[in-house]
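Bear in mind that the values here come from a model prediction, so they are computed numbers and not experimental data.
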Amino acid sequence: MRVLLLGGTTEARLLAGELVADHDVTVSLAGRVRSPLPLPGTVRVGGFGGVDGLAAWLRAHGTDAVVDATHPFASTMTAHAAAACALVEVPLLRLQRPAWSPVTGDDWRPVPSLEAAAEVVAAQGDRVFLTTGRTGLAAFAPVDRWFLVRSVDPPEPPVPRRMTVVLDRGPFTLDGERALLREHAVDVLVTKNSGGPAPKLAAARESIPDLAVSTDIIVGFPGETDEDFEQTLQVVAHAEFDSAYTFIFSPRSGTEAAEMVDRFVPHDVCVDRFERLRAVVERAGRRKHAARVGRVEEVIVEGPSKRDASLLTGRTRQNKLVHFGSAEPIRIGSFADVRVVDSASHYLMGELVGVTARPRHRTRIALSVG
Ligand code: NAP
């Protein structure tokens, strides 16, 4: 049987491998990828020239059957294949992957287009893994976020200003996807719902969304060299902690470090290192907080702000301080949605959206038994 297999997908490649033993298979590629993987059977590359072009090709090649194994988002080709096969009365099989569906715990934002994805992505996080292919990158070019872009061929402008490109092609593995998400500290995944095996979804599901990381750092521990300190700075700059509690070493009696007097770091050196460290810590804090402006955060209300008693203070799920106003008093322990409107390195400023849950205090009822 002469089979035309419309490809460009892993399934098409696998199916071609199965069919070649018994059939005369031509695999057709659109030509989007510069050097496609070797394929079994005869390979032709490039469009057919619409429905009529494909119909003519089918007639000219005496095709007995067509298998449309194109990507679920290649809708034009799928429509053309259906029309052309109907025209020349050649049977058509559409290889369709079931779409993915969300599972419990997933946080999906379904969008109708790449442009719509670009509009919502900035509000979701600031390290975005884009797996929608290089041809759709222009939609994300104006978005001020860092992008990890994975594509088979290098992308061409317009592209996002802050971007790392990984040139790779599937199929991908769960271990590989995990490592990629971890290495690049990805917090948002943008993907087409193309169905099929999805290790990237499995890897994303394992990660804790919107995790904030804090740490404690001491400078001037006895024996700390300039080089040690530079390495600390590098780690802190790379880790981009949400916040860090920073201290200058002070000896505590009874500890080994307190005995290391001959290795104490001079105080002025400690102060200088401390200030440099603080600048790096605060830079990351400011950046992380600025990225939250515009978001609505769930906060637990802690009471009046210590800075300004006319404001309330709450903590987000990341333990970030938010100061916000409320016309009505809100009981401590209430949960409220607060829109972040401004940020500093150590706190956020917000506007109350609404109280979502009141605290459930137990009331003791006096009981007298006569
Ligand atoms: P599309 O919008 O549906 O098709 C546009 C035009 O490209 C078609 O009208 C056709 O040109 C030509 N074409 C598409 N697939 C072809 C094929 N297999 N063989 C020969 N010509 C083809 O397609 P697309 O979204 O640009 O995708 C192009 C290819 O990349 C497809 O083969 C698809 O399987 C693969 N792919 C697409 C995506 C995606 O997200 N869209 C992802 C992974 C792989 P003529 O009208 O001139 O015949």
Side-chain angles (χ1 to χ4, degrees), residues 9-11 14 71-73 97-111 114 116-118 120-134 136-137 140 143 145-152 160 162-216 235-244 284-285 287-289 291-292 295-300 315-320 335 340:
T9 56
T10 303
E11 289 88 339
L14 296 175
H71 189 271
F73 281 74
R97 312 168 183 167
W100 303 316
S101 350
V103 300
T104 311
D106 280 3
D107 180 11
W108 286 25
R109 308 293 150 103
V111 284
L114 291 174
V120 302
V121 80
Q124 305 308 317
D126 55 356
R127 297 184 66 82
V128 184
F129 184 19
L130 265 188
T131 62
T132 46
R134 72 189 168 108
L137 269 185
F140 296 89
V143 181
R145 288 291 181 272
W146 175 87
F147 289 92
L148 174 65
V149 173
R150 179 163 66 196
S151 60
V152 178
R162 293 190 285 132
M163 167 180 93
T164 297
V165 178
V166 176
L167 295 182
D168 205 354
R169 66 172 108 213
F172 302 103
T173 64
L174 180 56
D175 280 349
E177 300 295 56
R178 261 189 207 130
L180 200 63
L181 297 190
R182 200 178 310 129
E183 182 191 341
H184 295 283
V186 166
D187 54 15
V188 186
L189 170 66
V190 179
T191 179
K192 291 179 177 173
N193 187 346
S194 44
K200 63 187 164 191
L201 291 195
R205 282 178 177 133
E206 288 174 357
S207 63
I208 303 170
D210 210 3
L211 184 79
V213 182
S214 173
T215 187
D216 288 12
V235 169
V236 173
H238 187 70
E240 293 210 307
F241 296 108
D242 284 72
S243 63
R287 215 182 63 71
K288 295 258 166 159
H289 282 179
R292 304 191 89 85
R295 291 198 201 187
V296 173
E297 305 271 359
E298 182 189 41
V299 305
I300 183 163
R315 295 258 173 195
T316 69
R317 287 201 162 267
Q318 293 73 29
N319 202 31
K320 291 180 183 298
F335 283 92
V340 180

Working to the nearest 0.5 Å, report the span between CG of L180 and CZ of F172.
9.0 Å
Flag the pair L181 / E206 as yes when at least one side-chain heavy-atom distance between them is below 4.5 Å, and no otherwise.
no
Salt bridge (charged side-chain N to carboxylate O under 4.0 Å, His left out) between R292 and D210: does it pass, once the steps are laid out?
CA-CA 11 Å; R292 304 191 89 85; D210 210 3; 2.8 Å; yes
Testing the basics here: between G136 and L114, what is the closest heavy-atom pair and its distance to 0.1 Å?
CA-CD1, 3.5 Å
Looking only at heavy atoms, what is the nearest atom pair of D175 and R178, with distance?
OD1-NH1, 2.8 Å
Note, V143 side chain near P160 side chain (heavy atom, < 4.5 Å):
no
Please check: side-chain N/O of R97 versus main-chain N/O of S194, any donor-acceptor pairing under 3.5 Å?
yes
Looking at CG of L130 and CE of M163, how far apart are the two atoms once the value is rounded to the nearest 0.5 Å?
9.5 Å
Give a yes or no answer on whether the side chain of D242 reaches the backbone of S214 with a donor-acceptor pair at less than 3.5 Å.
no
Before accepting this row, confirm whether a basic side-chain N of the pair R317/E298 lies closer than 4.0 Å to the acidic partner's carboxylate O.
yes
In the structure I gave you, are the side-chain heavy atoms of R205 and D106 within less than 4.5 Å of one another anywhere?
yes
Between E177 and V186, is there a side-chain heavy-atom distance shorter than 4.5 Å?
no
Return the CH2 to NZ distance between W100 and K200, rounded to the nearest 0.5 Å.
4.5 Å
What I'd like to find out is whether the side chain of L201 reaches to under 4.5 Å of the side chain of L189, using heavy atoms alone.
yes
Evaluate the side-chain proximity of F129 to T191: yes if any heavy-atom separation is below 4.5 Å, no if none is.
no
Atom OG1 of T9 and atom CG of L14: how far apart are they, to the nearest 0.5 Å?
8.5 Å
Interatomic distance, CG@D187 vs CZ@R145, rounded to 0.5 Å, equals 9.0 Å
Considering only heavy atoms from C-beta outward, does the side chain of V149 approach that of F140 to under 4.5 Å?
no
Between atom CZ of R150 and atom NE2 of H184, what is the distance when rounded to the nearest 0.5 Å?
10.0 Å
Within-4.5 Å side-chain heavy-atom neighbours: K288 and Q318
no
